[in-house]
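Just so it is clear, the structure is predicted and the values come from calculations on it, not from any experiment.
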Amino acid sequence: MKETVVSGIRPTGNLHLGNYFGAVKNFVKMQYDFNCFFFIADLHSLTTHPTPGDLHGYVKHVLVEYLACGIDPEETTIYIQSDVPEVTELYLYLNMNAYMGELERSASFKDKVRTQPDNVNAGLLTYPTLMAADILIHKAVKVPVGKDQEQHLEMTRTFGNRFNRLYNHEMFPEVQAFNFDESLVKVPGLDGKGKMSKSSGDGSCIYLADSPEIIRKKVSRAVTDGGPTEDNQPKPEAIQNLFDLMKIVSPADTMKHFDELYNTRAIRYGDFKKQLAEDMIVFNTPIREKIEEISKDTSYLRQVAKHGALKARESAQKTIKEARELIGFKSF
């Protein structure tokens, strides 16, 4: 029996290189070794009130790009969260046994209260229980998460164990954080300030669907400085970020060449950026072409979504049936 792995992504627009190297690349590898459920978290996105058109478009973006990156719907289960109503049923059961105090102590909730005080909705407060339902509905034992999600994972263990104790049955396993590949890297943005993120603006991100022209324009505007003033001096963060990007997409000898130029104060950032942009284009092109091809095939996308929903619901219905019996819901 393969271990079950669950991971979801909020549909907030196109995927970028950070999403690819931080998660999707691993998903493609792990789909052959684990029983994987990869879902598009459209219910989670409702906390920010997207328009209906935007929500549907964003869901399509993620579905298309998952497929274009190599996630195989025959090897794994790709589904849209709202297509599996059992998730919201389990969400309700978990909410009945989650306490205000522990939900209010969630770091992500406190952050949202601080950054968006005019939209502190119940969905934000109970976000951890919905995330727990996503995981527990398939009785997952592993979840690929970053540092910022570890508290939510701990809360998932709390909710699952509490349900087990309340109904005196070991129904839910204790889920663990999972790093499938220790070599995963954090992908920096082009703004010189840290990791690639949509919150930093489109100019900081290289999206998988970006055209060559857009990539060249974005890289040409990347933050640099006046150049090194001493041989072998440490690189400032903004420059190191660009070298880290080159390490990801360029051949090793290219990286070595520009590193030597920097260390001898002979580097010309214009040439460096041009090379980085072209190497990004070479990397991106096969994925972008698949994105364009799959986006046009509406019938295939409908088939994948339907197939994924059936597989996900088959798993989810078993869990809900067991939960209902334990709780005491019985037909007359």
Side-chain angles (χ1 to χ4, degrees), residues 4 6-12 37 39-50 55 59 79-143 145 148-177 309 312-331:
T4 297
V6 169
S7 186
I9 185 169
R10 282 167 58 105
T12 56
F37 292 87
F39 68 95
I40 302 168
D42 55 344
L43 295 176
H44 282 288
S45 71
L46 297 182
T47 59
T48 54
H49 313 305
L55 178 58
V59 169
Y79 65 98
I80 299 163
Q81 187 184 29
S82 61
D83 282 345
V84 183
E86 291 79 11
V87 171
T88 52
E89 186 173 346
L90 183 58
Y91 171 46
L92 173 66
Y93 300 157
L94 296 177
N95 271 332
M96 295 302 183
N97 301 302
Y99 302 112
M100 281 285 291
E102 64 189 346
L103 293 173
E104 289 174 336
R105 286 193 297 273
S106 164
S108 63
F109 178 68
K110 289 190 285 189
D111 180 61
K112 295 298 183 184
V113 170
R114 185 176 66 256
T115 58
Q116 52 182 66
D118 296 330
N119 182 30
V120 183
N121 56 66
L124 289 173
L125 180 67
T126 60
Y127 196 99
T129 49
L130 181 53
M131 181 174 173
D134 292 322
I135 296 165
L136 298 176
I137 197 70
H138 301 299
K139 297 188 177 182
V141 295
K142 292 182 175 178
V143 177
V145 293
D148 58 337
Q149 293 291 321
E150 285 183 352
Q151 186 184 31
H152 283 170
L153 209 58
E154 180 59 39
M155 294 176 81
T156 296
R157 286 190 286 269
T158 296
F159 299 143
N161 288 333
R162 186 175 294 157
F163 188 97
N164 293 347
R165 288 195 304 272
L166 185 63
Y167 297 107
N168 195 30
H169 183 74
E170 291 299 312
M171 178 170 172
F172 296 118
E174 282 209 341
V175 65
Q176 301 298 322
R313 291 202 68 187
E314 182 180 3
S315 168
Q317 285 168 350
K318 292 176 184 176
T319 303
I320 285 299
K321 182 176 184 293
E322 187 178 357
R324 282 174 151 266
E325 290 173 354
L326 289 172
I327 292 169
F329 294 132
K330 298 181 179 179
S331 300

Item to complete: Would you mind reporting whether M155 and M131 have side-chain heavy atoms less than 4.5 Å apart?
Response: no
Discussion item. Tell me if the CD atom of E314 is crowded by more than 12 foreign heavy atoms within 6.0 Å.
Written reply: no
Worksheet, complete the sentence: Distance col, row T115:OG1 vs K110:NZ, nearest 0.5 angstrom, shows 13.5 Å
Response to the item:
Shortest non-hydrogen pair, N121 vs N119, comes out as ND2-OD1, 2.9 Å
Worksheet entry | Between CG on residue N164 and CE on residue M171, distance to nearest 0.5 Å | 8.0 Å
Worksheet item: Would a 4.5 Å heavy-atom cut-off, applied to side chains only, mark Q116 and V120 as touching?
Response: no
Worksheet item: Are any of the side-chain heavy atoms of F159 and N97 separated by less than 4.5 Å?
Response: no
Worksheet entry | H138/F39 under side chain to side chain contact (heavy atoms under 4.5 Å, CB included): CA gap, chis, key distance, verdict | CA-CA 12 Å; H138 301 299; F39 68 95; over 6 Å; no
Discussion item. Just verifying a value: how many Å separate S82 OG and L55 CG, rounded to the nearest 0.5 Å?
Written reply: 7.5 Å
Item to complete: Could you tell me whether the side chain of T48 reaches within less than 4.5 Å of the side chain of P50, counting heavy atoms only?
Response: yes
Fill in: Step-by-step side chain to side chain contact (heavy atoms under 4.5 Å, CB included) determination, R10 to T47
CA-CA 11 Å; R10 282 167 58 105; T47 59; 3.5 Å; yes
Worksheet item: So, for L43 and Q81, which heavy atoms are closest and what is the spacing to 0.1 Å?
Response: N-OE1, 2.8 Å
Discussion item. Looking at every non-hydrogen atom in both residues, tell me the closest pair between Q176 and L153 and how far apart they are.
Written reply: C-CD2, 3.7 Å
Worksheet entry | Heavy-atom pair with the smallest gap, counting every atom of P11 and V59 | CB-N, 3.8 Å
Worksheet item: Are K321 and E325 close enough for a salt bridge, meaning some N to O gap below 4.0 Å?
Response: yes
Practice prompt. Step by step, work out the side chain to side chain contact (heavy atoms under 4.5 Å, CB included) result for T319 and L136.
Written response: CA-CA 8 Å; T319 303; L136 298 176; over 6 Å; no
Fill in: Y91: ring pair (Phe, Tyr, Trp, His ring centres under 6.0 Å) partners, not counting sequence neighbours
none
Worksheet item: Where the side chain of R157 meets the backbone of V175, is there a donor-acceptor pair that is under 3.5 Å apart?
Response: yes
Response to the item:
Note: D83 and R313 closest approach over all heavy atoms is O-CD, 3.6 Å
Worksheet item: In Å and rounded to the nearest 0.5 Å, what is the OG to OH distance from S106 to Y127?
Response: 10.0 Å
Worksheet item: Can you name the one residue among L94, N95, L92 that meets side chain to side chain contact (heavy atoms under 4.5 Å, CB included) with T126?
Response: N95
Worksheet item: Is the shortest side-chain N to carboxylate O distance from R105 to E102 below 4.0 Å?
Response: no
Worksheet entry | Atom of T4, atom of K139 and distance for their closest heavy-atom approach | CB-O, 4.3 Å
Fill in: Stepwise ring-ring contact (aromatic ring centres under 6.0 Å, His included) check, F163 with F172
CA-CA 8 Å; F163 188 97; F172 296 118; 5.3 Å; yes
Practice prompt. Enter the distance from I9:CD1 to S45:OG here, rounded to the nearest 0.5 Å.
Written response: 12.0 Å
Item to complete: Could you label the plane-to-plane angle of the F37 and Y79 rings as parallel, tilted or perpendicular, counting under 30° as parallel and over 60° as perpendicular?
Response: perpendicular
Worksheet item: Could you give the distance from OG1 (T88) to CG (D134), rounded to the nearest 0.5 Å?
Response: 10.0 Å
Discussion item. Is it the case that the side chain of E89 and the backbone of I320 share a donor-acceptor pair, with hydrogens and angles ignored and the cut-off at 3.5 Å?
Written reply: no
